[in-house]
There are 2 protein chains.
Amino acid sequence: MTEIIKKNNPVKQTRTMILDVSAKLFSQYGYNGTVIRDIAQALNMKAGSLYYHFDSKEQLVLEVLTIGIENIIDTVQREVAALPKNCSSKEIVQAATKGHLLALLEKGDYTSTSIRNLGQLPEPVQAEVLVIRDRYEDMWRKWLLDAQTNGEIKANVNLKVLRLSILGVLNRTLAWYKKGELTIEEIAGMQIGYFWDGVSA
Amino acid sequence: MTEIIKKNNPVKQTRTMILDVSAKLFSQYGYNGTVIRDIAQALNMKAGSLYYHFDSKEQLVLEVLTIGIENIIDTVQREVAALPKNCSSKEIVQAATKGHLLALLEKGDYTSTSIRNLGQLPEPVQAEVLVIRDRYEDMWRKWLLDAQTNGEIKANVNLKVLRLSILGVLNRTLAWYKKGELTIEEIAGMQIGYFWDGVSA
DNA sequence: GTCTATAAGGCGATAGAC
DNA sequence: GTCTATCGCCTTATAGAC
């Protein structure tokens with residue numbers, strides 16, 4: 001089923017390729033649905049060999065998740081940092097949205113596992129991931145609070161529900177996005193547009 | 001871990017209690033993370049006994065998922081049917097939203113499995129569930145098209161992205177909803193309010 | 001209907017050869 | 001670094017007693 005990719009990538013380090021394949025399989029079949037033998041087979045290796053690079057399956061998934069979330073944070077921060085000074089809150093939120101979707105949909109194997117299945121992972125993994133995720137949500141808390149403070153967002157809007165709704169829309173995009181139909185920029189523009197300006201005539 | 005519930009429910013049929021417990025465990029730990037022994041233990045039964053009621057684990061999860069989606073459809077249709085004639089599209093969408101969240105958050109064990117983990121289930125199960133889910137999405141397609149046709153939704157809004165975004169917000173609510181903070185009606189009102197009228201001042 | 005017992009195979013992980 | 005071989009445990013499912 002899963003093609004063998006090791007021989008086609010003689011440059012990449014084995015450790016990195018194990019992470020890539022693990023991310024892909026975890027993302028597709030879940031943590032409990034992915035077995036060490038599948039990961040090894042996709043790399044044309046034997047199961048036992050992976051334990052030279054990783055202590056356990058649990059450590060492997062934790063590393064995949066950590067890379068995924070930090071990837072989102074980096075991409076979002078880069079998009080926001082590229083904005084001109086004195087831009088509006090809407091522009092910041094739009095840039096953050098684009099960054100979030102870019103990381104999620106283009107390098108999605110690493111990120112989607114934590115979004116779809118965090119609750120099914122071993123407890124210690126959940127705890128570590130939640131620390132990083134909370135750091136990320138703090139960034140959104142700040143942007144939305146700024147927007148309400150400076151008057152761009154109505155005073156009676158519940159910022160917690162708004163933040164969770166925006167991130168909900170973005171994360172759920174994973175469930176239906178198909179490459180080639182709409183660009184990520186187009187989707188980001190529509191999604192924030194609907195929240196910001198509404199859809200009513 | 002999971003409490004034993006059989007003796008406390010002498011009335012309910014065993015088959016129904018197996019479904020209830022399975023839904024709860026599948027929803028929490030996923031299909032591959034839930035083992036037959038856990039389901040049996042929660043009912044103070046032995047694993048082998050379940051096979052008197054169900055042919056296989058696969059058939060069991062299929063039944064849970066089918067009940068879940070049909071539960072959403074029924075609840076949504078009831079909420080919409082309770083509206084007065086000649087109501088606006090916004091009222092219909094709001095009622096559907098309330099119904100969706102009611103089914104999802106209050107009887108969520110049955111519904112959340114298919115939303116969180118459909119892609120990780122056995123192929124035949126996925127195929128059957130998608131048929132019912134598509135029937136449900138057709139209802140939303142119609143309501144949103146009506147809304148755009150009668151002028152309530154701006155002509156340039158992409159209805160597909162809007163539908164997937166709305167359902168995305170609703171389904172993702174599972175990931176953060178906590179009983180007691182906000183009522184389901186309040187959340188439904190905010191979420192559709194943000195989409196419909198926007199949040200900008 | 002539920003039990004005990006067990007089949008038949010899959011799982012994560014380890015040890016030691018190369 | 002990767003292999004072979006295997007340990008000990010867990011998994012779904014079945015057979016037959018009660």
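Quick note on labels: first sequence line is chain A, next is B, and so on, each numbered from 1.
The aromatic rings of B:H100 and B:W140 sit perpendicular, their planes meeting at an angle over 60°, well past the 30° parallel limit.
Note: CD1 (A:I39) to P (D:dT2) measures 15 Å, nearest angstrom. Between B:L43 atom CG and C:dC3 atom C1' there is a gap of 15 Å when expressed in whole angstrom units. With rounding to whole Å, B:Y52 atom OH is found 18 Å from C:dT4 atom C1'. If you take CG of B:L60 and P of D:dT11, they are 16 Å apart, rounded to a whole angstrom. Between B:R15 atom CZ and C:dT2 atom C1' the separation is 17 Å, expressed in whole Å. Protein atom NE2 of B:H53 is 8 Å distant from nucleotide atom C1' of C:dT2, rounded to whole Å. To the nearest angstrom, C1' of C:dG1 lies 8 Å from CE of B:M45. Look at NZ on B:K46: it is 5 Å from P on C:dT4, rounded to the nearest Å.
Between A:D146 and A:K142 there is a salt bridge, since a side-chain N of the basic residue sits under 4.0 Å from a carboxylate O of the acidic one.
Atom CD of B:E137 has more than 12 neighbouring heavy atoms from other residues, nucleotides or ligands inside a 6.0 Å radius.
At the phosphate of D:dT2, OP1 or OP2 sits under 4.0 Å from a side-chain N or O atom of A:T14.
The main-chain N or O of B:L121 is found under 3.5 Å from a side-chain atom of B:Q126 such that the two form a donor-acceptor pair. Between the side chain of A:N171 and the backbone N or O of A:L167, at least one donor-acceptor pair lies under 3.5 Å.
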Per-nt protein contacts along nucleotides 12-18 of chain C (heavy atom under 4.0 Å; B base, S backbone sugar-phosphate only, - none) come out as BBB----
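The one candidate from A:L19, A:T66, A:L104 that meets the side chain to side chain contact (heavy atoms under 4.5 Å, CB included) condition with A:Y110 is A:L19.
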